[in-house]
Amino acid sequence: MATVFDRFMPASKEFFDKMRANGVMHFDVDPTVEVWKMRDNVWSMLAPSPGMGGDAWMHLIVGPEKAMLIDTGFGIGNLRGLVEELTDKPIVLVNTHFHGDHAFGNYQFEAAYIHKYDAPYLEDQMDPAARARMVPAAKPDSFYKDEDLVPVKPYEIIPIEEGYTFDLGGGYEMEVVHLPGHAPGGIGIIDKQNRILFSGDAIVSTPTMISGSAAGQHNSEFMTVTAFRDQLEKLVPKMDEFDVLYPGHAILEYPKAAVTDMLELCNQIIADPDSQDEVSESMRGMAKLKVVGLASIAYSDERI
Ligand SMILES: [Zn+2]
């Protein structure tokens with residue numbers, strides 16, 4: 001059976017073919033990560049997937065006094081060494097959400113900011129068994145060796161919420177917006193200088209996954225399409241503060257019209273959960289897929 005991602009793959013492939021044709025940087029310190037300089041002070045780094053999720057974006061924004069690292073990928077290779085080649089400024093690490101394809105590299109850092117609803121999950125991920133369940137031991141044909149796995153190490157978790165603003169020096173502000181649904185504490189971060197919304201897995205060019213069961217998980221009441229819709233209504237009036245989206249996977253410089261399309265899509269799903277375009281096999285069970293313009297959601301009935 002097809003997956004919810006299939007129909008979006010040609011656009012992703014075209015995007016990455018063009019990115020690689022335009023020139024990609026590699027660094028010996030972390031050779032499997034592909035690096036592109038997207039703006040004067042913005043680097044986007046693509047972490048290859050060991051089999052869970054797709055290849056994941058990590059973004060580095062260098063401000064006048066501090067640099068913000070958004071997400072840390074799978075915890076394979078020396079991300080910290082790579083980031084320290086790109087900037088000598090102190091690093092402020094922020095996770096868009098707790099999922100292992102965005103946070104398993106946190107162990108290389110002393111502290112991570114994350115939305116308060118996702119903080120308990122990072123606590124759970126201090127257990128080496130949690131990482132081992134998600135990132136498999138290296139096989140002979142893996143792109144990594146076991147010694148490339150970052151050792152699991154405790155670090156400080158700093159909970160934040162909607163409206164929290166980071167100052168990277170000289171008035172360079174990065175503002176947090178809460179975008180739940182995919183994860184209870186999912187966030188977007190607005191870079192007001194570059195007019196970019198770093199949107200995590202909440203708004204991506206492939207389907208936003210709000211599927212599977214949320215039963216028994218931390219803050220599961222924020223793992224719904226309705227919780228997502230309620231926050232999108234607050235984001236729309238702020239759309240004059242950014243021009244494009246930099247998501248956690250797939251296409252970058254994604255048009256911001258995806259925000260209003262996503263709000264319309266959420267409202268359509270809530271109004272009629274059975275109006276889906278198709279039913280597919282998702283990463284976590286069966287999912288209904290619905291598309292409006294630039295927005296798509298793979299959802300299950302219990303997550304509406
Ligand atoms: Zn995710």
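Order of listing sets the numbers, starting from 1, for every ligand and every atom in it. This one's a predicted model, so the numbers in the text were calculated from it and none came from an experiment. We're numbering straight along the sequence, starting at 1.
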query = What residue among Leu82, Leu86, Thr87, Leu69 forms side-chain contact (heavy atoms from CB on, under 4.5 Å) with Trp43?
reply = Leu86
inquiry  = Does Lys13, at its NZ atom, have more than 12 non-hydrogen atoms belonging to other residues, nucleotides or ligands within less than 6.0 Å?
reply    = no
note = Among the N/O/S atoms of Asp201, the Zn ion (ligand 1) lies closest to OD2
key: Minimum-distance atom from the Zn ion (ligand 1) among N, O or S atoms of His182   = NE2
query = If you look at His99, which of its N/O/S atoms is nearest to the Zn ion (ligand 1)?
reply = ND1
query = How about Lys66: does its NZ atom have over 12 heavy atoms from other parts shown lying under 6.0 Å from it?
reply = no
message = Side chains of His249 and Asp101: any donor to acceptor distance under 3.5 Å?
response = yes
request  = Indicate if the distance from the Zn ion (ligand 1) to the nearest N, O or S atom of His102 falls below 2.8 Å.
outcome  = no
